[in-house]
Amino acid sequence: MSKEIYYEVNTDSFEPRDIFECGQCFRWNVEKNSYTGIFDDIVLNVKKEDSKIIFSGVTESDDAVEKIRKYFDLDRDYNSIKTRLSKTDKNMKIATEYGSGIRILNQNLWETIISFIISANNNIPRIKGIIERLSEKYGRPIEYSNKTYYTFPTPEELKDVEVEDYRKLGLGFRDVRLYETVKMVNDGAFHLDELYNKPTKEAYEELLKLSGVGPKVANCILLFSDLKRFDVFPIDVWVRRVINDLYIKNENEKKVKNSDIQKIADEKFGKYQGLAQQYLFYWRRELTWL
DNA sequence: CCCCAGGTCGTCA
DNA sequence: TGACGACATGGG
């Protein structure tokens, strides 16, 4: 039986648009000045009025408020991190101001793994579509406000899905990757729980064992899931672009090595490089200044 | 027709 | 290690 949720908080560093459009998540959609989405078994609408954040929705669980606080990372002081990062240089100062309302969500690990496997060589609107179709087909329905939302399918719920089924959902060449990763987790060849206790570097190496998970996707999983590691720097085409434009200035962007970019991230942004990456990504992708 | 998208994998040197 | 092409799909 589902229950109504209503929860208000006053907090700074919280802008729905920045949070949901900065590229970390794929299941939130804007409508009339507020965002609606689903995580865990919670369908939620998020609205900002002045400095007040209003969460309303439905859930099947008893600890929705706790889950919301955790998901939105509400117990972390983003202002102090932004202040610290903005001291590195002028670019970072501008980027943190541009995306000042960003928070890095604590998304479900399994969902984050699958979502970012799908993200490989893909664009955000299409990634969202695939994840929606995957959830509609294999997730559980939850009704809210005259609409049906679907939970993200568990490994168990994907147990009998064939490669061809994934292909029909528009996954393209990633169908095999998804199939193999689902199988590894269901067979017990890969233990999701064990990642939480590992240092970042070890968890990274472990994630690389999954099919369809390379360096970039592994780092996105570490940063955007509830593993919540800020000491990683996912490098995609946009981050490569912005780092090259600002710091390296190589005429041929493609010739810049990832190790060079990583070195700059380590030196400039240190243990908050994951967050720095997100401010830079959001800033560069929204403002195509070049 | 082209090029591109939050890349990874297999192969070859 | 590093380079390079293949890999679906949909939009510009």
Side-chain angles (χ1 to χ4, degrees), chain A residues 18-28 95 98-99 102-105 107 109 111-134 137 161-184 190 204-225 227 229-230 232-245 250 252-263 265 273-288 290:
Chain A
D18 294 345
I19 292 170
F20 298 125
E21 307 287 355
C22 76
Q24 62 176 325
C25 55
F26 304 104
R27 301 207 64 193
W28 292 87
Y98 180 78
I102 289 178
R103 276 172 181 273
I104 306 297
L105 302 168
Q107 302 182 78
L109 176 57
E111 176 174 345
T112 310
I113 289 172
I114 297 302
S115 297
F116 279 91
I117 289 174
I118 294 169
S119 79
N121 196 33
N122 213 339
N123 57 59
I124 291 179
R126 218 169 80 81
I127 297 165
K128 291 178 75 167
I130 293 170
I131 292 172
E132 237 20 70
R133 293 194 289 279
L134 189 66
K137 184 132 194 203
V161 183
E162 305 289 345
V163 175
E164 296 73 31
D165 299 325
Y166 290 128
R167 184 57 68 99
K168 283 179 198 154
L169 295 177
L171 269 137
F173 58 84
R174 308 162 194 84
D175 53 1
V176 182
R177 306 299 162 209
L178 218 62
Y179 176 84
E180 289 175 341
T181 285
V182 167
K183 186 166 169 52
M184 281 176 77
F190 191 94
Y204 172 82
E205 294 298 336
E206 201 60 29
L207 283 166
L208 290 184
K209 294 177 182 169
L210 291 171
S211 182
V213 177
K216 190 271 176 181
V217 169
N219 281 332
C220 283
I221 294 166
L222 287 162
L223 176 59
F224 298 135
S225 78
L227 291 171
R229 308 300 169 92
F230 283 161
V232 295
F233 202 75
I235 302 169
D236 71 327
V237 290
W238 292 101
V239 174
R240 167 179 302 277
R241 200 164 292 161
V242 67
I243 293 293
N244 185 49
D245 288 348
N250 191 318
N252 189 350
E253 181 182 295
K254 297 194 168 183
K255 291 187 71 175
V256 179
K257 287 193 290 186
N258 280 13
S259 55
D260 294 335
I261 298 175
Q262 183 61 58
K263 196 174 172 187
Q273 56 185 269
L275 205 39
Q277 178 271 166
Q278 203 53 23
Y279 290 120
L280 290 171
F281 173 85
Y282 183 51
W283 178 44
R284 184 63 173 87
R285 201 171 64 90
E286 300 280 314
L287 304 173
T288 46
L290 219 150

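These numbers come from a predicted model, not from an experiment. Every chain is numbered from 1, with letters handed out A, B, ... down the list of sequences.
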Working to the nearest 0.5 Å, report the span between OG1 of A:Thr181 and NZ of A:Lys209. 13.5 Å
Among residues 123-132 of chain A, which residues get a heavy atom nearer than 4.0 Å to DNA chain C? A:Asn123, A:Arg126
Just by distance, no angles: are the side chains of A:Arg229 and A:Asn219 close enough, under 3.5 Å, to form a donor-acceptor pair? no
Can any side-chain N or O of A:Gln277 pair as donor or acceptor with the backbone N or O of A:Ala265 at less than 3.5 Å? no
Within the side chain of A:Arg174, is there an N or O that forms a donor-acceptor pair under 3.5 Å with the backbone of A:Ala120? yes
Any side-chain heavy atom of A:Phe190 sitting closer than 4.5 Å to one from A:Leu207? yes
Measure the distance from [atom1] on [X] to [atom2] on [N] and round it to the nearest whole Å.
X	N	atom1	atom2	answer
A:Glu253	B:dA5	CD	C1'	14 Å
A:Arg285	B:dA5	CZ	P	11 Å
A:Gln24	B:dG6	CD	C1'	12 Å
A:Asn258	C:dA3	CG	P	10 Å
A:Arg174	C:dC7	CZ	C1'	8 Å
A:Lys168	C:dT9	NZ	P	13 Å
A:Asp236	B:dG7	CG	P	5 Å
A:Asp175	B:dT8	CG	P	17 Å

Residue pair A:Lys254/A:Phe173 against DNA chain B: nearer the 5' end by closest nucleotide is A:Lys254
Rounded distance in Å between the [atom1] positions of [N] and [M]:
N	M	atom1	answer
B:dT11	C:dA8	P	16 Å
B:dG6	C:dC7	P	22 Å
B:dC3	C:dA6	P	13 Å
C:dG5	B:dC2	P	16 Å

Could you check whether [X] gets within reach of a base, just the sugar-phosphate, or nothing at all, counting any heavy atom under 4.0 Å?
X	answer
A:Phe26	nothing
A:Gln278	base
A:Cys22	base
A:Arg241	sugar-phosphate

Can you check side chain to side chain contact (heavy atoms under 4.5 Å, CB included) on A:Ile124 and A:Arg285, steps first, answer last? CA-CA 12 Å; A:Ile124 291 179; A:Arg285 201 171 64 90; 3.7 Å; yes
Whether A:Arg167 and A:Asp175 form a salt bridge (side-chain N of Lys/Arg under 4.0 Å from carboxylate O of Asp/Glu) is what I want to check. yes
If the threshold is 4.0 Å, N to carboxylate O, is there a salt bridge linking A:Asp165 and A:Lys137? no
Walk me through whether A:Phe230 and A:Ile104 qualify under side chain to side chain contact (heavy atoms under 4.5 Å, CB included). CA-CA 9 Å; A:Phe230 283 161; A:Ile104 306 297; 4.0 Å; yes
Can you say whether the rings of A:Trp238 and A:Phe281 are parallel (under 30°), tilted (30 to 60°) or perpendicular (over 60°)? perpendicular
Got a list of protein N/O to nucleotides 9-12 of chain B N/O distances below 3.5 Å?
| from | atom 1 | to | atom 2 | distance (Å) |
| --- | --- | --- | --- | --- |
| B:dC9 | OP1 | A:Gly212 | N | 3.0 |

With a 4.0 Å limit, can you tell me whether A:Arg167 has a side-chain N or O closer than that to the phosphate oxygens OP1/OP2 of C:dA8? yes
